[in-house]
Amino acid sequence: MYDDVLLPTDGSVGVDRATDHAIDAAERYDATLHVLYVVDSDVVNAYSGDEFVDGAEGAEETLEETGREALDAVATRAREAGVEAVTALRYGVPHEEILRYVDEADVDLTVMGSKTRSGDYRRMLGSVTERVSRQSPAPVSIVKTTVDA
């Protein structure tokens, strides 16, 4: 049913349960797990360089390092489960890059984490998960994780 499963990750707490689901789906369908991290161009462009990020690095390098660590962690878990994993690090607007990857890799299923928060926090700007789920030509499975505000 699925040959290619995509797990976009930002390395946050909300992705842990989605990682389990994505690995399980890839294992169940003998699919390749694609793991994607997008270095958010809006964050990189908003960084003035005045704040301390790392003694020798700026926002872009720090986000790249975070991305590589997140990709490696998921790929390791997938391989330990006997699932083939392919990783990709991209630059741009997260939901746009995820949708582009879905098209380019002919992804059959995208598994995304979503943090469930209480109160007014939920009414803030739309999430990457919401945008991808509305615009993706392929099925999107949303795995919710409750996070304290």
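Source: prediction; values computed, not measured.
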query = How far apart are the C-alpha atoms of E96 and R100, what are their side-chain angles, what is the distance that settles it, and do they pass the salt bridge (Lys or Arg N to Asp or Glu O under 4.0 Å) test?
reply = CA-CA 6 Å; E96 292 173 0; R100 187 172 291 116; 5.2 Å; no

key: Verdict with supporting geometry, R90 and E104, salt bridge (Lys or Arg N to Asp or Glu O under 4.0 Å)   = CA-CA 13 Å; R90 298 240 177 136; E104 291 172 3; 2.6 Å; yes

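For the pair M112/V128, a side-chain contact is recorded, criterion being any heavy-atom separation below 4.5 Å from C-beta on. Within the 4.5 Å cutoff, the side chain of Y91 has no heavy atoms near those of the D40 side chain. When side chains are defined from C-beta on, L36 does not count as touching L7, because their heavy atoms never get closer than 4.5 Å. Between T110 and P8, the closest side-chain pair of non-hydrogen atoms falls below 4.5 Å.
Atom CG of D30 has 12 or fewer heavy atoms from other residues, nucleotides or ligands within 6.0 Å.
One N or O on the side chain of T129 and one on the backbone of G113 form a donor-acceptor pair closer than 3.5 Å. In this structure, the side chain of S136 does not engage the main chain of S133 through any donor-acceptor pair within 3.5 Å. Checking side-chain atoms of D108 against main-chain N and O of D3 turns up a donor-acceptor pair under 3.5 Å.
Taking CD of E69 as the start and OH of Y37 as the end, the distance is 9.5 Å to the nearest 0.5 Å. Atoms OH and CG, from Y2 and L109 in turn, are 5.0 Å apart once rounded to the nearest 0.5 Å. Note that CG of D4 is 8.0 Å distant from OH of Y101, once rounded to the nearest 0.5 Å. Rounded to the nearest 0.5 Å, atoms CD1 (I98) and NE2 (H34) are 14.5 Å apart. Separating the CG atom in L99 from the CD atom in Q135 is a distance of 5.5 Å, to the nearest 0.5 Å.
Applying side-chain contact (heavy atoms from CB on, under 4.5 Å) to V35 and the options T87, L6, L89, V86 leaves one that passes, T87.
Applying the side-chain hydrogen bond (donor to acceptor under 3.5 Å, both in side chains) test to pairs two or more places apart or on separate chains, those with a residue in residues 70-80 are D20-R77.
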